[in-house]
Amino acid sequence: MEKNVLVLGAGRVAAPLVEYLHRDKSIGITVACENKDLADNLARAYPGVDSAYLNATEANNSSLEELIDKADAVVSILPANLHPRIAKLCINQKTHMVTAS
């Protein structure tokens with residue numbers, strides 16, 4: 001059974017995280033970032049990884065809710081001030097969340 005992990009953010013910490021998760025072929029990975037080029041680069045480097053555009057500060061962000069809804073777990077490597085908003089969405093959708101904070 002495949003598990004889906006949503007990685008929010010594609011900065012410096014994202015590449016080692018994606019590389020580690022990518023080792024387990026039963027994990028589907030989506031990387032979402034405001035800088036879509038960074039997410040696209042990770043998707044190109046690791047076949048099977050999907051990328052998505054994300055503006056985490058947008059007031060009504062239905063695309064973020066959709067991404068979380070499809071995930072079994074969310075790993076937020078976004079700035080710490082965005083974690084409460086992400087956490088509320090994860091709680092509402094009963095999705096596990098992990099941060100490095």
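These numbers come from the heavy atoms of this one structure, side chains and all, not from hydrogens, waters or symmetry mates. We number each residue from 1, following the sequence as shown.
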Exercise for review: Kindly work out whether a path of hydrophobic side-chain contacts (I/L/V/M/F/W/Y, heavy atoms less than 4.5 Å apart) joins Val74 to Val5.
Suggested key: no

Review point. Does the Asn4 side chain pair with the main chain of Asp72, one donor and one acceptor, at a distance under 3.5 Å?
Key: no

Check your understanding: Could you state the interatomic distance from CG (Leu6) to CD1 (Ile86), rounded to the nearest 0.5 Å?
Key -> 8.5 Å

Review point. Can you list the steps and then say if Val49 with Val31 is a side-chain contact (heavy atoms from CB on, under 4.5 Å)?
Key: CA-CA 7 Å; Val49 172; Val31 178; 3.9 Å; yes

Exercise for review: Output the distance between atom CG (Leu38) and atom CZ (Arg12), rounded to the nearest 0.5 Å.
Suggested key: 11.0 Å

Check your understanding: Got a second to check how far Ser51's OG is from Asp37's CG, nearest 0.5 Å?
Key -> 9.5 Å

Point to revise | Leu78 to Ala56 - nearest heavy-atom pair and separation | key: CD1-CB, 3.9 Å

Check your understanding: Going through the checks in order, is the side-chain contact (heavy atoms from CB on, under 4.5 Å) test met by Lys88 and Ile91?
Key -> CA-CA 5 Å; Lys88 286 178 186 175; Ile91 290 167; 5.6 Å; no

Practice item. Give the minimum heavy-atom separation between Pro47 and His22, together with the two atoms involved. Key: O-NE2, 2.8 Å

Check your understanding: Considering only heavy atoms from C-beta outward, does the side chain of Ile68 approach that of Cys90 to under 4.5 Å?
Key -> yes

Practice item. Determine the minimum heavy-atom distance between Ala14 and Leu42, stating which atoms define it. Key: CB-CD1, 3.7 Å

Point to revise | Verdict with supporting geometry, Leu64 and Arg85, side-chain contact (heavy atoms from CB on, under 4.5 Å) | key: CA-CA 11 Å; Leu64 176 57; Arg85 179 162 191 264; 3.8 Å; yes

Exercise for review: Check whether any side-chain heavy atom of Leu8 lies under 4.5 Å from a side-chain heavy atom of Leu82, and answer yes or no.
Suggested key: no

**Study point:** Single-linkage hydrophobic cluster Leu54~Val13, side-chain heavy atoms < 4.5 angstrom
**Key:** no

Exercise for review: Considering non-hydrogen atoms only, spot the tightest contact between Ala52 and Ala39 and give its length.
Suggested key: O-CB, 4.3 Å

Review point. Has Lys94 got more than 12 heavy atoms of other residues, nucleotides or ligands less than 6.0 Å from its NZ?
Key: no

Exercise for review: Answer yes when Glu66 and Lys70 have at least one side-chain N-carboxylate O distance shorter than 4.0 Å, and no when they do not.
Suggested key: no

**Study point:** Over all atoms of both residues, closest heavy-atom pair of Glu19 and Tyr46
**Key:** CB-OH, 3.3 Å

Review point. Which distance, rounded to the nearest 0.5 Å, do you find between the CD of Glu2 and the CD1 of Ile29?
Key: 9.0 Å

Study note, to complete from the structure: For Met97 and Ala87, the nearest pair of non-hydrogen atoms, with its separation, is SD-CA, 3.4 Å

Practice item. Check step by step if side-chain contact (heavy atoms from CB on, under 4.5 Å) holds for Asp40 and Arg44. Key: CA-CA 6 Å; Asp40 289 344; Arg44 278 191 292 276; 3.8 Å; yes

Review point. Do Ile77 and Leu21 sit in the same hydrophobic cluster, where Ile, Leu, Val, Met, Phe, Trp and Tyr count as joined when their side-chain heavy atoms come under 4.5 Å apart?
Key: yes

Study note, to complete from the structure: Taken to the nearest 0.5 Å, the spacing of Glu34 CD from Asn55 CG works out to 5.0 Å

